[in-house]
Enquirer: 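Take this structure first; my questions come after.
Every chain is numbered from 1, with letters handed out A, B, ... down the list of sequences. Computation of the quantities below employed the complete heavy-atom set of this structure, encompassing side-chain atoms and omitting hydrogens, waters and symmetry-equivalent molecules.
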Amino acid sequence: MAAPPPHDDEVTPPAPHGGGIAARALAGMRRPGAPWLDGLNPEQRAAVEALDGPVLVLAGAGTGKTRVLTARIAHILASGRARAHEILAVTFTNKAAREMKHRIAALVGPAGEGMPWLGTFHSIGAKILRRHAELVGLKSDFTILDTDDQIRLLKQILQAENIDDKRWPARQLAILIDGWKNRGLEPARVGAGEAGAFAEGRGGALYAAYQQRLKVLNAADFGDLLLEGLRLFREHDDVLAQWRGRFRYMLVDEYQDTNTAQYLWLRLLAQGQRNICCVGDDDQAIYGWRGADVDNILRFEHDFPGATVIRLERNYRSTGHILAAAAHLIARNEGRLGKTLFTDGAMGDKPTVTGVWDSEEEARVIGEDIEQRQRKGQSLDGVAILVRASFQMREFEERFLTLGLPYRVIGGPRFYERAEIRDALAYLRVVAQPADDLAFERIVNTPKRGLGDATLQIIHDHARAASLPLTQAARALIETEELKPKPRQTLRDLLAQFSRWSAAIATTPHHELAETILEESGYTDMWQKDRSAEAAGRLENLKELIRSMEEFPDLAGFLEHVSLVMEAETGDQAERVSIMTLHAAKGLEFDVVYLPGWEEGLFPHQRSLDENGRAGLEEERRLAYVGVTRARRFAKLYFATNRRIHGLWQTTIPSRFLDDLPADHVEVVEAEGARFGGYAASRFDRMESFGSSYDTPGWRRAQDRRAAAQPSPAARRGPLTIEGELVAKSSAVSGFRQGARVFHLKFGPGTVALVDGNKLTVDFDKAGRKMVLESFLQKTG
DNA sequence: CCGCCATCCCTTTTT
DNA sequence: GGGATGGCGG
C-alpha cells in the first residue's frame with residue numbers, strides 16, 4: 001500500500017529564488033573565503049568539504065566537532081546541493097540540537113533555524129512515524145508515553161496476567177523491554193532464552209502484550225519512536241524509498257552513542273544516497289549501559305565501503321599537560337580506533353592529584369580553592385565539579401551553602417518529571433485525547449474527590465469488558481446503577497467538565513484553557529491549601545508551564561513538544577559553580593575542573609566492574625578521560641582515604657586511573673588532613689608507582705595492606721566487597737563490647753560507644769565519632 | 001482514604 | 001544514612 005505523500009514541510013525556508021538561504025549562501029561562495037570555511041584547519045576543512053559518499057569523522061575531545069558539523073551543513077546549503085529540508089541531522093539531546101540550530105543560523109542566517117529535520121533521534125522518529133502511523137497500527141495523533149506511564153502500564157499488564165509484581169517488578173520488565181527496543185527487536189524477534197528470563201518464561205509474551213496494549217491506547221513509548229519507525233521502513237519499501245529520496249544528506253552527531261536500533265534506522269536510510277556523515281569519538285563512548293554500542297563506529301567502514309575517514313586530533317581546548325595526561329590515561333584502553341590529541345598551545349599547569357582524609361575534607365579543600373581562584377578573578381561560570389555518582393554532590397552543596405558560594409546542580413529532577421507538571425499535563429491530555437487512559441487514571445482522583453480505587457476498579461472492569469477507553473466506560477457507567485450515588489455524581493460532574501474543556505479547545509487559546517482547567521478542577525486549589533514547603537514552588541512551576549505554552553501554536557503542538565523535550569528553564573544569569581555528573585559534562589568545557597572521588601569502587605565504579613568486567617572498566621576509563629578533557633586550564637583530581645558509603649565509613653584506596661596518569665604531566669599534592677595518623681606513607685607508596693600500570697609493586701602493596709587489614713574472607717576478595725557483611729544485622733554477635741578500646745587502621749585508637757551487630761559506633765580519639773565495620777577494628781589494651 | 005511505619009535499595013540517564 | 005515505596009491500621 002502506498003503511503004500518502006507527506007504534506008510537505010510547513011517549515012521549509014523561503015524559496016531559493018526569493019533571496020533565501022541558498023541564494024545568499026551562493027553569493028557567499030563567490031566571495032573567496034566563505035565564512036563557514038574561515039579558520040578551519042585542513043582536517044576540519046576536509047571533513048566539511050567531503051560531501052560525496054559516506055564520511056566518518058573521528059573527532060577527539062575539543063577538536064571542533066560541532067564546528068565541523070555546522071560548517072558542513074552550511075557548506076551543503078551554500079553549494080546548492082540540497083535545501084534545508086533535504087538534510088537530516090540527528091543529535092541525542094535537545095540541547096545539542098538547539099545549539100546546532102543556533103550555530104547554523106549564525107553561519108548562514110536565520111534560515112538555518114528552519115531546518116525541519118535537525119533534531120533528536122526521537123523527535124525525528126516521532127515526526128516520521130506520525131506521517132505513517134496507520135501503517136504500524138497507530139493513529140497520527142498517538143501519545144508519547146514517558147517512563148512513568150510505561151511502568152504504570154506494565155504494572156497493569158502484570159496484574160492482568162496474575163504475575164506477582166513483588167517478585168517480578170514492572171520496573172525490571174521495563175528495563176528488559178527497553179533493552180530489546182534498543183537493539184531493534186520486536187517481540188517476535190526476541191530470542192526465546194532471553195524472553196524467558198522474566199516471570200518464568202513469560203517475558204516475551206508480556207512484551208507482546210505490552211505492545212498490543214500500546215496500540216489500543218494509541219500510544220508509543222520512547223523506544224517505539226525508533227523501533228516502530230524501523231518496522232515501518234522494513235515492511236514498507238515505498239515508504240523507505242520516499243524517505244531515502246528526501247534526505248540527500250545525513251549527519252549524525254555523537255555517533256559513538258548510537259544504539260543498535262538507531263544504527264539500523266540510520267543504515268536503512270543512508271543506503272539510499274549514501275551521503276552520510278557520522279561524527280563521533282570512540283574514546284568518549286560512555287553510554288554503553290543504556291544500549292549504546294561503540295561497535296557501531298568500528299563497523300562504519302565495513303557497512304559503508306569506501307568511506308572517507310577523517311581524524312580530528314588538533315585540540316583547541318586544553319593546555320599541554322592536561323592533554324598529555326588525558327592521552328596517557330585513555331591509551332590504556334584496548335579496542336580503540338586510536339587518536340592522539342595534540343595542541344600547539346602552552347603546556348600550562350600540570351593536573352594535580354590531591355589525597356584528602358575524607359569526603360568532608362575534599363569538599364572543604366575544593367571550596368577553598370575555588371574561593372581563592374575567585375578572588376584572583378576566576379569567573380565561577382568557568383568552574384565545575386564533576387562527580388561519578390550523584391550522591392557525591394550533596395557534600396559539595398552543603399559546603400558551598402555554608403561558604404555562600406553560588407552553585408548550580410545540573411541534571412537534577414527534570415521539569416517534566418515533577419509531579420505537579422505531570423498532573424497538569426495529564427489534565428491536558430485527557431482533554432486533548434479522551435482515550436488517554438493513563439492520563440485519566442492519573443488525575444481522576446487528583447485532587448482527592450472521592451473517586452478511589454473501588455470506583456476506578458469498576459470503571460476498569462467495565463472498560464475491559466466493553467473494550468472501551470476509561471473515559472468512555474465511565475460515561476456509560478454513570479447512566480447505570482453500578483456506582484454508588486455519591487461517586488456517580490462526582491464522576492458525572494468530572495466528565496461534564498472534561499466535555500466542556502474539550503469543547504473549549506476550539507474556541508479558547510490553549511494556555512488560557514490550561515489555566516481554566518487547573519482552576520476549575522480544583523488542582524491549583526489543592527496546592528494552595530497545601531502548607532508544605534514545596535507547595536509554593538509547585539505553583540510556580542505550574543505558572544511556568546502555562547507561560548511556556550504560549551510559545552506553541554496549539555495544544556497538540558505543545559503536548560508533542562513537552563513529551564519529547566521538556567527541560568527546566570535555566571533563566572538565572574548569576575555566576576555559579578556547576579556541579580554535575582561526569583556523564584552530564586560530556587560536550588562541555590570549563591577553565592577549572594575539579595574531579596573528586598577518584599577511588600577504587602567509586603571510580604571505577606564497583607558495579608560497572610562486577611557487571612561488565614573489562615568492558616565496564618574501559619567505559620569507566622573513558623569517563624575519566626571525558627572528565628579530564630573538560631578542563632581548559634586546570635584539572636584537579638582528588639581521592640579520599642575514607643568515604644561513607646551507604647551510611648558506613650569505609651577505607652578506600654586510590655583509583656587505578658590515577659596510576660594511569662603519566663608522572664611527568666601530573667603534580668601530586670598533599671592536603672594536610674591526609675597526613676593524619678602517619679598514614680601518608682601509604683599514599684607515598686602509591687605515588688612511587690605513578691606512571692605505571694595498576695599492576696605495579698606499589699599497587700600490589702596497597703592491595704596487600706588492605707587485605708591484611710581485613711581478616712574477613714568476604715573482604716579479602718578485594719576492595720569494597722564487604723556487602724555480604726553489611727547485611728548481617730544484629731543477629732551477629734559482636735566480638736566487641738561497649739567501652740572496649742579498639743584500634744582502626746585509618747582512624748587510630750578509640751572507644752566503642754555502641755554495638756549493632758557487626759556495625760560499631762566508635763569514638764575515636766582523633767577522628768571523632770564514626771560508624772565502622774567490626775572487621776576494620778582490632779582490640780587493644 | 002489517609003498517613004504512618006517497615007523494608008529495600010543505592011551508578012551513570014536521554015528521549 | 002536517606003529516599004521511595006508498599007502494606008496496614010486508624
Enquirer: Distance from A/Arg130 atom CZ to A/Leu225 atom CG, nearest 0.5 Å?
Expert: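 If I round to the nearest 0.5 Å, the distance is 8.0 Å.
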Enquirer: Between B/dC10 and A/His646, is there a base-stacking contact, meaning the centre of the base's six-membered ring lies under 5.5 Å from the residue's ring centre while the planes stay under 30° apart?
Expert: yes
Enquirer: Can you check the A/Arg388 CZ to B/dT13 P distance for me, whole Å?
Expert: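 Those two atoms, CZ and P, are 9 Å apart.
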Enquirer: Answer yes or no: is there a donor N or O on one side and an acceptor on the other, between the side chain of A/Asp358 and the main chain of A/Arg643, under 3.5 Å?
Expert: no
Enquirer: Round to the nearest Å and state the distance from A/Asp148 atom CG to B/dT15 atom P.
Expert: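 Between P of B/dT15 and CG of A/Asp148: 16 Å.
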Enquirer: Could you tell me how far B/dT12 sits from C/dT5 if I compare only their P atoms? Round to whole Å.
Expert: 16 Å
Enquirer: For A/Phe142, enumerate each residue passing the ring pair (Phe, Tyr, Trp, His ring centres under 6.0 Å) test, keeping only those at least two apart in sequence or located in another chain.
Expert: none
Enquirer: Apply side chain to side chain donor-acceptor pair (under 3.5 Å) to A/Thr581 and list each qualifying residue two or more places apart in sequence or on a separate chain.
Expert: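 By the side chain to side chain donor-acceptor pair (under 3.5 Å) rule, A/Thr581 matches no residue at all.
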Enquirer: Looking at residues at least two apart in the chain, or sitting in another chain, which of them share a salt bridge (Lys or Arg N to Asp or Glu O under 4.0 Å) with A/Glu619?
Expert: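 Salt bridge (Lys or Arg N to Asp or Glu O under 4.0 Å) check on A/Glu619 returns A/Arg622.
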Enquirer: Can you name the salt bridge (Lys or Arg N to Asp or Glu O under 4.0 Å) partners of A/Arg152, sequence neighbours left out?
Expert: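 Checked A/Arg152 against salt bridge (Lys or Arg N to Asp or Glu O under 4.0 Å); matches are A/Asp149.
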Enquirer: Sequence neighbours excluded, which residues qualify as ring pair (Phe, Tyr, Trp, His ring centres under 6.0 Å) partners of A/His605?
Expert: none
Enquirer: Which listed nucleotide (B/dT12, B/dT15, B/dC1) is nearest to the side chain of A/Lys448?
Expert: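 Selected nucleotide: B/dC1.
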Enquirer: Quick check on B/dT14: is either OP1 or OP2 less than 4.0 Å from any side-chain nitrogen or oxygen of A/Asn94?
Expert: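 False: A/Asn94 side-chain N/O out of range (4.0 Å or more) of B/dT14 OP1/OP2.
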Enquirer: Under the ring pair (Phe, Tyr, Trp, His ring centres under 6.0 Å) test, which residues partner A/Tyr287, sequence neighbours left out?
Expert: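 Counting only residues at least two positions away or on another chain, A/Tyr287 forms a ring pair (Phe, Tyr, Trp, His ring centres under 6.0 Å) with A/Trp289, A/His583.
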Enquirer: Determine, answering yes or no, if A/Tyr287 is stacked on B/dT13 under the 5.5 Å centre rule and the 30° plane rule.
Expert: no
Enquirer: On a plain distance test, is the side chain of A/Arg290 in donor-acceptor contact with the base of B/dT12 below 3.5 Å?
Expert: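 Check fails, no donor-acceptor contact within cut-off.
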Enquirer: So A/Ile175, base contact, sugar-phosphate only, or nothing? Heavy-atom distance under 4.0 Å.
Expert: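 Nothing, no heavy atom under 4.0 Å.
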Enquirer: I'd like to know if the side chain of A/Asn612 pairs up with that of A/Glu618 as donor and acceptor (distance under 3.5 Å, no hydrogens or angles considered).
Expert: no
Enquirer: Would you mind classifying the nucleic acid contact of A/Gly450 as base, sugar-phosphate or nothing, using non-hydrogen atoms under 4.0 angstrom?
Expert: sugar-phosphate
Enquirer: Report the distance from atom CG of A/Asn612 to atom P of B/dT12, rounded to the nearest whole Å.
Expert: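 Interatomic distance, CG of A/Asn612 to P of B/dT12: 15 Å.
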Enquirer: Students often get this wrong, so: under 4.0 angstrom with heavy atoms, is A/Asp146 touching a base, only sugar-phosphate, or nothing?
Expert: nothing
Enquirer: Give the stems involving DNA chain B, where a stem is 3 or more consecutive Watson-Crick or G-U wobble pairs (i with j, i+1 with j-1, and so on) under 3.5 Å.
Expert: B:1-6 with C:5-10, B:8-10 with C:1-3
Enquirer: Select one nucleotide: of B/dT12, B/dT13, B/dT15, the one nearest the side-chain heavy atoms of A/Ala584.
Expert: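 Selected nucleotide (nearest to the side chain): B/dT13.
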Enquirer: Nearest to the side chain of A/Thr93 - B/dC1, B/dT14, B/dT13?
Expert: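 Among the listed nucleotides, the one closest to the side chain of A/Thr93 is B/dT14.
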Enquirer: What integer distance in Å separates A/Met580:CE from B/dT14:C1'?
Expert: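 In whole Å, B/dT14 C1' and A/Met580 CE are 16 Å from each other.
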Enquirer: Check the phosphate of B/dT12 against A/Ser390, side-chain N and O only, distance under 4.0 Å to OP1 or OP2. Yes or no?
Expert: yes
Enquirer: Looking only at the side chain of A/Arg394 (C-beta and beyond, no hydrogens), which of the listed nucleotides B/dC2, C/dG2, B/dT15 gets closest?
Expert: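 Selected nucleotide (nearest to the side chain): C/dG2.
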Enquirer: In whole angstroms, how far is the P atom of C/dG2 from the CZ atom of A/Phe391?
Expert: 13 Å
Enquirer: Restricting both atoms to N or O, compile the protein contacts to nucleotides 6-10 of chain C shorter than 3.5 Å, with distance only.
Expert:
residue: C/dG6; atom: OP1; partner: A/Lys155; partner atom: NZ; Å: 3.2

Enquirer: Under the rule for ring pair (Phe, Tyr, Trp, His ring centres under 6.0 Å), what residues qualify as partners of A/Phe657, not counting sequence neighbours?
Expert: A/Phe603
Enquirer: Between A/Ser578 and A/Arg408, do the side chains contain an N or O donor and an N or O acceptor separated by less than 3.5 Å?
Expert: yes
Enquirer: Atom CG of A/Asp257 and atom P of B/dT12: how far apart are they, to the nearest Å?
Expert: 17 Å
Enquirer: Which residue, A/Glu619 or A/Arg449, contacts DNA chain B at a nucleotide closer to its 5' end, judged by nearest heavy atom?
Expert: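 Between the two, 5'-proximity favours A/Arg449.
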Enquirer: Compare side-chain N and O positions of A/Thr581 against OP1 and OP2 of B/dT13 and report whether any pair is under 4.0 Å apart.
Expert: yes
Enquirer: What is the separation between atom CE on A/Met393 and atom C1' on C/dG2, rounded to the nearest whole Å?
Expert: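 Going from A/Met393 (CE) to C/dG2 (C1'), I get 17 Å.
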Enquirer: Once you round it to whole Å, what is the distance between C1' of C/dG3 and CZ of A/Arg171?
Expert: 13 Å
Enquirer: At under 4.0 Å between heavy atoms, what does A/Glu620 touch on the DNA or RNA strands: base, sugar-phosphate, or nothing?
Expert: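 Here A/Glu620 touches the bases of the nucleic acid.
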Enquirer: Assign A/Arg622 to base, sugar-phosphate, or nothing according to its heavy-atom contacts below 4.0 angstrom with the strands shown.
Expert: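 Here A/Arg622 touches no strand at all.
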